[in-house]
Amino acid sequence: MYQVRPAHPIQTKAIWDYEESATSTMAQQQAYPSNVQLPRKLQRPQYIEVPAQNIAAIDPELSHVPVDYVRRGLKNQANQMFAGIAALQLPPTMHRSQLHHTPSLTIPIRSSAPSSSYPTHILALSRSSSSDSHLTLVATHALILASNCASLPRLPPSAPHHGATANVTLPVLPLTIPAPAAFAPLHTFLYTHSAPQLLSALLPAIPGSFLSTLTSPQALRGTLASGPALHTLSVHLMSSAPGMGALTGVAQNIAAVWRNAVALGVHDPELWNCLDLAWEVILGAMNLGAGAR
């Protein structure tokens, strides 16, 4: 049985794993309890501006460009950047013991389109500096992180890659976040800023007919303000789930994405509206499921 409780204080933080404070910070970020206590609302963190100097350190030509404009430009390049990520033959994990003597990785490249934009860094994700023996590897682009994640320190430089090449050598950045397994939906959103794509990752079997209506931020906010619309989505989710265990897993995944967003300092309004919508729908589905038993 699950319990809904008031939103708990935000204590999550993302830090480069080699910082001394990693152990003490992550001691507060334990696995979900077996009795699955869920907050009624997903608390939004205090707004923090993305440090302009972090963007300028990557591309000095952007030093006086508004951050919103930088994000829009990157969104238009998302397909080329995804193609560059897909071209890398990157192993999914690496052992923690390799970290201290692996400041960079040389990654073979599959054949890719000439317009592909290769990643600049490899994130080595873990939940703490002392627990996980294997780290999750994620190829990423420095400008995506710097322009969206207000809580990240400045990224170290990466050598540019031009023209055809058989491999690329990328710096490895050890990073602790609350939930590495739930990083992918948030990471994808930082590139696309697509509400339908994020919601489809947060809420399995969400109707495509509903997603097709989300053509603007106003449409998303309108659904959030509509009790009947939220109820309809909850009924659909509850009826399509194989049981309360599956619904609990959906809730835990949404909460994990939320914790990662808080830790990284992602303050995109549409992201938070998606999280709020997903949370209302899953809590509604769980209440319906509990009442039907």
Legend entry - Full working for side chain to side chain contact (heavy atoms under 4.5 Å, CB included) between R40 and E280: CA-CA 9 Å; R40 176 61 187 88; E280 291 296 324; 3.0 Å; yes
Inset, instruction - Please test T140 against I85 for side chain to side chain contact (heavy atoms under 4.5 Å, CB included), starting from the C-alpha separation and ending with a verdict. - result: CA-CA 7 Å; T140 192; I85 292 174; 5.9 Å; no
Legend entry - Criterion side chain to side chain contact (heavy atoms under 4.5 Å, CB included) on V257 and F189, from CA distance to verdict: CA-CA 11 Å; V257 174; F189 181 85; over 6 Å; no
Inset, instruction - Output, in order, the C-alpha distance, side-chain angles, deciding distance and verdict of side chain to side chain contact (heavy atoms under 4.5 Å, CB included) for I58 and N54. - result: CA-CA 7 Å; I58 299 167; N54 289 0; 5.9 Å; no
Inset, instruction - Using the side-chain hydrogen bond (donor to acceptor under 3.5 Å, both in side chains) rule, take T106 and T169 through it: C-alpha gap first, then chi angles, then the decisive distance, then the call. - result: CA-CA 4 Å; T106 298; T169 299; 2.8 Å; yes
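If you take CD on Q218 and CG on N273, they are separated by 10.5 Å, rounding to the nearest 0.5 Å. Distance check, rounded to the nearest 0.5 Å: OG1 of T223 to CZ of F210 gives 4.0 Å. Atom CG of residue L123 and atom CD1 of residue I177 lie 8.5 Å apart, to the nearest 0.5 angstrom. Within the model, atoms OG1 of T93 and CD of Q98 stand 8.5 Å from one another, a figure rounded to the nearest 0.5 Å. To the nearest 0.5 angstrom, T120 atom OG1 is 7.5 Å from L145 atom CG. To the nearest 0.5 Å, atom OG of residue S240 and atom CG of residue L247 are 8.0 Å apart.
You'll find the side chain of I122 stays beyond 4.5 Å of the side chain of M94, heavy atoms only. Considering only heavy atoms from C-beta on, E270 comes within 4.5 Å of D268 through its side chain. For the pair F82 and T192, the minimum side-chain heavy-atom distance is below 4.5 Å. Here the side chains of V50 and H267 are not in contact, with every heavy-atom distance at 4.5 Å or above. For the pair L264 and F183, the minimum side-chain heavy-atom distance is below 4.5 Å. Counting only heavy atoms from C-beta outward, the side chains of I282 and L202 never approach each other to under 4.5 Å. Proximity of H121 to P171: side-chain heavy atoms (C-beta onward) are separated by under 4.5 Å at one or more points. Between D276 and R44, some side-chain heavy-atom pair lies under the 4.5 Å cut-off.
Among all heavy-atom pairs drawn from N167 and P108, the shortest one is CB-CA, 3.9 Å. Smallest separation of non-hydrogen atoms from G284 and S234: CA-OG, 3.5 Å. Closest approach of C274 to L199, counting heavy atoms only: O-CD2, 3.6 Å.
Under the 3.5 Å distance criterion, the side-chain polar atoms of R71 are matched with a main-chain donor or acceptor of S147. Using modelled atom types, one side-chain atom of N260 and one backbone atom of A179 make a donor-acceptor pair closer than 3.5 Å. With hydrogens and angles disregarded, no donor-acceptor distance shorter than 3.5 Å links the side chain of T188 to the backbone of P185. Distance alone, capped at 3.5 Å, places no donor-acceptor pair between the S226 side chain and the G222 backbone. In this structure, the side chain of N287 engages the main chain of L283 through a donor-acceptor pair within 3.5 Å. Listed for the T213 side chain is no donor-acceptor partner under 3.5 Å among the backbone atoms of S209. Put simply, the side chain of W272 never gets that close to the backbone of L42: no donor and acceptor are under 3.5 Å apart.
Hydrophobic clustering (side-chain heavy atoms under 4.5 Å, transitive across Ile, Leu, Val, Met, Phe, Trp, Tyr) keeps L155 apart from I48. L224 and V281 fall within the same hydrophobic cluster, where Ile, Leu, Val, Met, Phe, Trp and Tyr residues are linked whenever their side-chain heavy atoms come under 4.5 Å apart, directly or through other members.
The side-chain hydrogen bond (donor to acceptor under 3.5 Å, both in side chains) with Y191 is formed by just one residue from the set K75, H141, Q197; it is H141. Of the listed residues (L105, L90, L88), just one forms a side-chain contact (heavy atoms from CB on, under 4.5 Å) with L170, and that residue is L88.
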